Amino acid sequence: MIVIEKVSKTYHMKGRADVRALDNVSATIDRGEVVVIIGPSGSGKSTLLRALNGLQPVDSGRIVIDGVEVTSKKTDINRLRAEVGMVFQHFNLFQHKTALENIVLPQIIVAKRGRAEAEKIARDLLAKVGLPDQENSYPVMLSGGQQQRIAIARSLAMKPKVMLFDEATSALDPETVGGVLEQMRALAAEGMTMAVVTHEMGFAREAADRMIFMDGGAIVEENTPAAFFDNPQTDRAKDFLSQIL
Ligand SMILES: Nc1ncnc2c1ncn2[C@@H]1O[C@H](COP(=O)(O)OP(=O)(O)OP(=O)(O)O)[C@@H](O)[C@H]1O
């Protein structure tokens with residue numbers, strides 16, 4: 001379970017007004033729950049996701065994942081990043097390593113597994129993401145969607161308790177988005193705890209247990225997808241939905 005308690009974050013940049021990216025945000029995400037976070041550009045969605053795996057330090061408040069306080073300086077951030085997998089818009093595979101090695105290496109380096117075990121896990125995951133025949137392919141030989149599925153497999157190899165997706169399909173060619181969404185749906189169906197920032201409203205309707213709508217660094221509305229899309233409560237959510245649907 002993820003508990004987010006009164007989390008705030010302001011960015012200070014020279015020559016620019018301060019930006020309050022997160023303004024007293026509180027939420028909980030239950031084990032096995034799939035939460036889709038949407039909102040206008042600059043509303044704080046990415047900052048919140050990055051805070052959840054410790055990539056983004058916050059100014060105040062607490063984030064606790066399965067009893068481990070992410071926001072405590074004492075927490076081992078490397079361990080946390082293994083337990084909280086994150087898939088970004090840009091998948092950053094090692095270009096000079098094969099698909100298999102991309103999944104194997106973090107297991108050896110971070111999880112300290114032996115090569116035989118790491119390769120077995122990697123092969124199982126390549127099959128799971130629908131790419132069993134691509135273990136010897138280099139990223140450049142794969143479509144963006146296939147590379148993103150390798151990136152998902154790489155995260156899953158660490159056996160995370162939680163998966164975070166930050167616009168995982170936004171940089172892909174339209175014809176390769178479907179395969180990635182299919183993997184995300186399958187993970188959701190298996191009961192993975194997921195927080196997903198996406199523009200894919202079809203995915204949100206089908207796979208989300210709950211929608212969180214953010215604006216101006218705050219959570220403005222939370223509801224089931226059916227209630228949120230069909231009957232938004234706030235003017236801000238209505239405006240946003242009228243622009244994107
Ligand atoms: N590293 C940073 N330094 C300074 N300002 C930042 C930084 N990261 C984000 N911001 C600012 O904080 C605000 C929230 O940004 P964030 O990326 O969290 O929003 P978002 O909802 O994910 O936006 P988008 O949908 O465009 O990705 C924005 O005004 C952004 O310009």
Side-chain angles (χ1 to χ4, degrees), residues 2-29 34-63 65 70-71 73 77 80-81 84-92 144 148 151-152 155 162-174 177 180-181 184 194-205 207-208 210-223 225 228-229 232 234-245:
I2 304 175
V3 180
I4 303 163
E5 239 175 48
K6 297 184 181 166
V7 167
S8 293
K9 167 69 193 172
T10 299
Y11 292 109
H12 308 278
M13 283 181 49
K14 263 203 184 130
R16 214 185 74 173
D18 287 352
V19 176
R20 196 159 170 80
L22 294 177
D23 188 6
N24 213 19
V25 169
S26 295
T28 57
I29 301 176
V34 177
V35 170
V36 170
I37 304 167
I38 63 170
S41 180
S43 56
K45 306 179 297 289
S46 291
T47 302
L48 181 61
L49 274 199
R50 282 187 277 128
L52 288 179
N53 82 337
L55 272 180
Q56 173 63 66
V58 299
D59 300 332
S60 58
R62 277 173 13 119
I63 297 173
I65 299 183
V70 177
T71 37
K73 293 205 167 55
I77 288 296
L80 186 77
R81 289 202 190 135
V84 183
M86 186 148 180
V87 178
F88 299 90
Q89 187 170 352
H90 299 288
F91 11 94
N92 296 328
Q148 190 62 299
I152 292 172
S155 280
V162 175
M163 285 287 285
L164 310 175
F165 291 86
D166 194 0
E167 307 211 7
T169 57
S170 298
L172 302 178
D173 297 328
V177 168
V180 175
L181 291 175
M184 292 169 63
M194 291 166 61
V196 181
V197 173
T198 183
H199 299 296
E200 296 288 342
M201 293 304 129
F203 172 84
R205 267 192 189 269
R210 184 154 48 107
M211 302 296 300
I212 289 184
F213 171 70
M214 292 184 71
D215 197 11
I219 295 178
V220 173
E221 209 164 313
E222 276 184 71
N223 219 331
F228 177 73
F229 286 114
T234 59
D235 287 343
R236 285 197 273 177
K238 283 178 200 162
D239 279 356
F240 178 74
L241 288 174
S242 71
Q243 285 164 31
I244 61 157
L245 292 180

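On a predicted model such as this, the values are computed, not experimentally measured, just so you know. All ligand and atom numbering here is 1-based and tracks the order in the structure.
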For residues 38-49, please give each side-chain donor-acceptor pair under 3.5 Å, one per line with the distance, not counting sequence neighbours.
| unit_1 | atom_1 | unit_2 | atom_2 | d |
| --- | --- | --- | --- | --- |
| Ser43 | OG | Pro40 | O | 2.7 |
| Lys45 | NZ | Gly39 | O | 2.9 |
| Lys45 | NZ | Pro40 | O | 3.0 |
| Ser46 | OG | Asp166 | OD1 | 3.4 |
| Ser46 | OG | Asp166 | OD2 | 3.0 |
| Thr47 | OG1 | Tyr11 | OH | 2.9 |

Problem set entry | Under 4.0 Å from ligand 1, counting heavy atoms only: the protein residues, by chain and number |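 For ligand 1, the residues that come within the 4.0 Å heavy-atom cutoff are Tyr11, Met13, Arg16, Val19, Ala21, Pro40, Ser41, Gly42, Ser43, Gly44, Lys45, Ser46, Thr47, Arg50, Glu167.
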Exercise. Who passes salt bridge (charged side-chain N to carboxylate O under 4.0 Å, His left out) against Asp59, sequence neighbours left out?
Worked result: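 Checked Asp59 against salt bridge (charged side-chain N to carboxylate O under 4.0 Å, His left out); matches are Lys9.
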For this session: State, yes or no, whether a side-chain contact exists between Val36 and Met211 at a heavy-atom distance under 4.5 Å.
Result: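 With C-beta onward as the side chain, the pair touches.
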For this session: Side-chain contact test, heavy atoms from C-beta onward, threshold under 4.5 Å: evaluate it for Ser8 versus Arg20 and give yes or no.
Result: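 Side-chain contact under 4.5 Å: yes.
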Problem set entry | Contact list for residues 210-219, test salt bridge (Lys or Arg N to Asp or Glu O under 4.0 Å), sequence neighbours left out |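 Only Glu33-Arg210, Arg210-Glu222, Asp215-Arg236 qualify under salt bridge (Lys or Arg N to Asp or Glu O under 4.0 Å).
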Problem set entry | Minimum heavy-atom distance Val87-Ser155, with the two atoms named |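 Heavy atoms of Val87 and Ser155 come nearest at CG2-OG, 4.0 Å.
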